[in-house]
Structure formats: structure tokens, C-alpha cells
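Heads up, the thing below is written out as C-alpha cells.
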Amino acid sequence: MTTVQASLPGFDSPPALRDSLFFAILPDAPAASRIAQIAEQLRNAHGLRGKTLQTDRFHVTLHHLGNYAGLPPDVVAMADEAAASVANAMPPFELAFNSVESFSNTPRNRPLVLRGGDGLIALTAFQQALATPLKKTAARHWLIPGYTPHLTLLYDDRSVSRQAIETVAWTAWELVLVHSLVGQSRHVHLGRWPLNG
């Protein structure tokens with residue numbers, strides 16, 4: 001005879017944290033198309049099996065704002081206020097990537113990313129400016145010291161050493177709040193703030 005054990009109040013499994021929020025800069029359409037071409041060239045050159053991200057998912061993360069079970073309205077409202085204050089004070093800026101490499105902090109499923117040098121100085125300054133209002137909110141515990149600007153192309157078990165590429169660049173005209181639906185390979189843009197400084 002089999003018995004079914006009822007779940008006890010207070011001991012249910014916690015809900016899955018499938019809603020991720022982050023601020024990002026997105027490439028424009030020509031840059032996204034060029035980035036996809038670079039990713040495919042690298043896949044072929046290095047025998048990679050990972051699938052290139054869809055162009056509408058290419059992004060440069062500025063700040064991760066946490067993983068949740070459902071969208072928390074208070075965090076979204078806080079993000080809205082912080083984004084508006086920075087976007088109204090900062091002008092559009094150029095960003096440029098001129099190298100590619102795999103991040104090797106995991107044994108498998110390593111991100112293959114675009115990197116840059118001096119072409120990302122303005123991006124880093126913008127990321128730091130956005131951190132200032134976020135430090136005054138509950139999101140401060142998500143802020144991590146140091147910033148490594150990059151754009152992920154794909155994930156693969158093989159590692160690619162750092163190498164130069166033809167520069168891919170664009171102008172950032174807006175800040176975007178992204179809702180990533182974890183496990184669905186889908187991004188929803190919850191807010192866009194033009195850079196009006």
C-alpha cells in the first residue's frame with residue numbers, strides 16, 4: 001500500500017525564481033546584425049556548438065536587480081525612479097568592442113563575449129552613474145564591486161582565448177530595464193529612458 005504524504009503548511013517548496021531584472025544598453029539593429037555575424041564566424045572558426053543568441057537578446061548588462069518569483073512592483077518602481085534621474089542627466093555615448101574571449105569561471109557552458117578597452121570608458125562611467133541612485137534603494141545589495149563590461153554572444157563548453165576582432169560600435173541613446181524570463185530565452189523590455197543630458 002502506498003501513501004501520499006500531504007505537504008505541511010510552511011514546508012512547501014519555495015517558488016522558482018524565474019523573473020530576472022537588469023538594466024542594459026542594447027545595440028542598434030546594424031550593430032546587432034554585425035554582432036551575429038561575428039558570433040557565427042567564431043562558431044565556425046573554433047568548432048563551437050553553442051547556439052548564437054537571438055539578435056533581440058544581445059545586450060550589455062549595467063546592473064542586475066535580482067531574481068524573483070513574479071515581478072515585484074516595488075523593485076520596478078524603484079528602477080523607474082533611478083533610471084529617470086540618470087537618463088535625464090546623461091547624454092548619449094559611444095561604445096565599441098574590439099576583442100572576443102570566453103569567460104572561464106565555469107567548467108562548462110562558458111560565455112563567449114565581446115570585450116573592449118578605451119571604447120568602453122563612457123559605458124563604464126554611465127554604469128557607475130546609475131549605481132549612485134541605486135545605492136540609496138533596496139537594490140543596493142545586488143550591486144557588486146567592479147564592473148567587467150561585455151556582451152555575450154553564446155555559451156559553449158569550449159573556451160576561446162582572447163583575440164582581436166574588427167571593431168563593432170554604436171551610440172547608446174537609451175537605457176532599458178529588461179525582464180528576463182529565465183528558461184524561456186525571452187526578454188521583455190519594461191522601460192526605456194532616452195538619454196537627454
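We're numbering straight along the sequence, starting at 1.
For the pair Leu112 and Thr152, the minimum side-chain heavy-atom distance is 4.5 Å or more. Considering only heavy atoms from C-beta on, Val188 stays 4.5 Å or farther from Val178 through its side chain. When side chains are defined from C-beta on, Thr55 does not count as touching Ile35, because their heavy atoms never get closer than 4.5 Å. Residues Leu153 and Leu53 fail the side-chain proximity criterion, which asks for heavy atoms closer than 4.5 Å. For the pair Leu71 and Leu190, the minimum side-chain heavy-atom distance is below 4.5 Å.
Listed by first then second residue, pairs satisfying ring-ring contact (aromatic ring centres under 6.0 Å, His included) with a partner in residues 108-134 read Phe93-Phe126, not counting sequence neighbours. For residues 153-174, the pairs satisfying ring-ring contact (aromatic ring centres under 6.0 Å, His included) are Phe97-Trp170, with sequence neighbours left out. For residues 104-128, the pairs satisfying salt bridge (charged side-chain N to carboxylate O under 4.0 Å, His left out) are Glu101-Arg115, Arg108-Asp157, with sequence neighbours left out. Counting only residues at least two apart or in different chains, salt bridge (charged side-chain N to carboxylate O under 4.0 Å, His left out) contacts with residues 57-77 are absent.
Under a hydrophobic clustering in which Ile, Leu, Val, Met, Phe, Trp and Tyr are joined whenever their side-chain heavy atoms come within less than 4.5 Å, directly or via other members, Ile121 and Ile25 fall into different clusters. Linking Ile, Leu, Val, Met, Phe, Trp and Tyr residues whenever their side-chain heavy atoms come within less than 4.5 Å leaves Val182 and Leu154 in two separate clusters. Under a hydrophobic clustering in which Ile, Leu, Val, Met, Phe, Trp and Tyr are joined whenever their side-chain heavy atoms come within less than 4.5 Å, directly or via other members, Val176 and Leu151 fall into different clusters. Leu95 and Val113 end up in different hydrophobic clusters when Ile, Leu, Val, Met, Phe, Trp and Tyr side chains are linked at under 4.5 Å. Taking hydrophobic clusters as Ile, Leu, Val, Met, Phe, Trp and Tyr residues chained together by side-chain heavy-atom distances below 4.5 Å, Leu175 does not share a cluster with Phe22.
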Donor-acceptor contacts, no H, no angles, side chain residues 77-90, under 3.5 Å, sequence neighbours left out:
residue : atom : partner : partner atom : Å
Asp80   : OD1  : Trp193  : NE1          : 3.2
Ser85   : OG   : Ala82   : O            : 2.8
Asn88   : ND2  : Ala84   : O            : 3.0

Less than 3.5 Å apart, which donor and acceptor atoms pair up between the side chains of residues 141-149 and the rest of the protein, not counting sequence neighbours?
residue : atom : partner : partner atom : Å
His141  : ND1  : Ala138  : O            : 2.7
Tyr147  : OH   : Thr61   : O            : 2.7

Side-chain donor/acceptor pairs under 3.5 Å, residues 26-34, sequence neighbours excluded:
residue : atom : partner : partner atom : Å
Asp28   : OD1  : Ala31   : N            : 2.9
Arg34   : NH1  : Gln37   : OE1          : 3.3

Val168/Asn98 under side-chain contact (heavy atoms from CB on, under 4.5 Å): CA gap, chis, key distance, verdict: CA-CA 7 Å; Val168 56; Asn98 59 11; over 6 Å; no

Intermediate values then yes/no, side-chain contact (heavy atoms from CB on, under 4.5 Å), Val100 and Arg162: CA-CA 6 Å; Val100 64; Arg162 188 163 192 164; over 6 Å; no

Pair Thr137-Val75, side-chain contact (heavy atoms from CB on, under 4.5 Å): steps then yes or no: CA-CA 9 Å; Thr137 71; Val75 175; over 6 Å; no

Test ring pair (Phe, Tyr, Trp, His ring centres under 6.0 Å) applied to His150 and Phe103, step by step: CA-CA 10 Å; His150 65 277; Phe103 283 161; 5.0 Å; yes

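Among residues two or more places apart in sequence or in another chain, the side-chain hydrogen bond (donor to acceptor under 3.5 Å, both in side chains) test is passed with Thr52 by Glu40. Remark: Glu174 pairs with Arg192 by the side-chain hydrogen bond (donor to acceptor under 3.5 Å, both in side chains) rule, at least two apart or across chains. With sequence neighbours excluded, the residues forming a side-chain hydrogen bond (donor to acceptor under 3.5 Å, both in side chains) with Asp19 are His179, listed by chain and number. Evaluation of the side-chain hydrogen bond (donor to acceptor under 3.5 Å, both in side chains) rule for Gln163 yields His46 as partners, not counting sequence neighbours. Remark: Glu94 pairs with no residue by the salt bridge (charged side-chain N to carboxylate O under 4.0 Å, His left out) rule, at least two apart or across chains.
Side-chain atoms of Asp156 come within 3.5 Å of backbone atoms of Arg49 as a donor-acceptor pair (strictly under, hydrogens ignored). Remark: the backbone N or O of Ala164 is not paired with any side-chain donor or acceptor of Ser99 at under 3.5 angstrom. Using modelled atom types, one side-chain atom of Arg43 and one backbone atom of Gly50 make a donor-acceptor pair closer than 3.5 Å.
When each of His189, His187, His64 is checked for a ring pair (Phe, Tyr, Trp, His ring centres under 6.0 Å) with His59, only His187 meets the rule.
Expressed to the nearest 0.5 Å, how far OG of Ser159 lies from CG of Leu48 amounts to 9.5 Å.
Annotation for Leu62 and Leu123: closest pair CD2-CD1, 3.7 Å, computed over non-hydrogen atoms. Smallest separation of non-hydrogen atoms from Gly70 and Tyr68: O-CB, 3.1 Å. The shortest heavy-atom contact between Thr171 and Pro92 is CG2-CB, 4.1 Å.
The closest side-chain donor-acceptor pair between Asn67 and Ser20 falls under 3.5 angstrom.
With a 6.0 Å radius and a threshold of 12 heavy atoms from other residues, nucleotides or ligands, Glu166 has its CD atom at or below the threshold.
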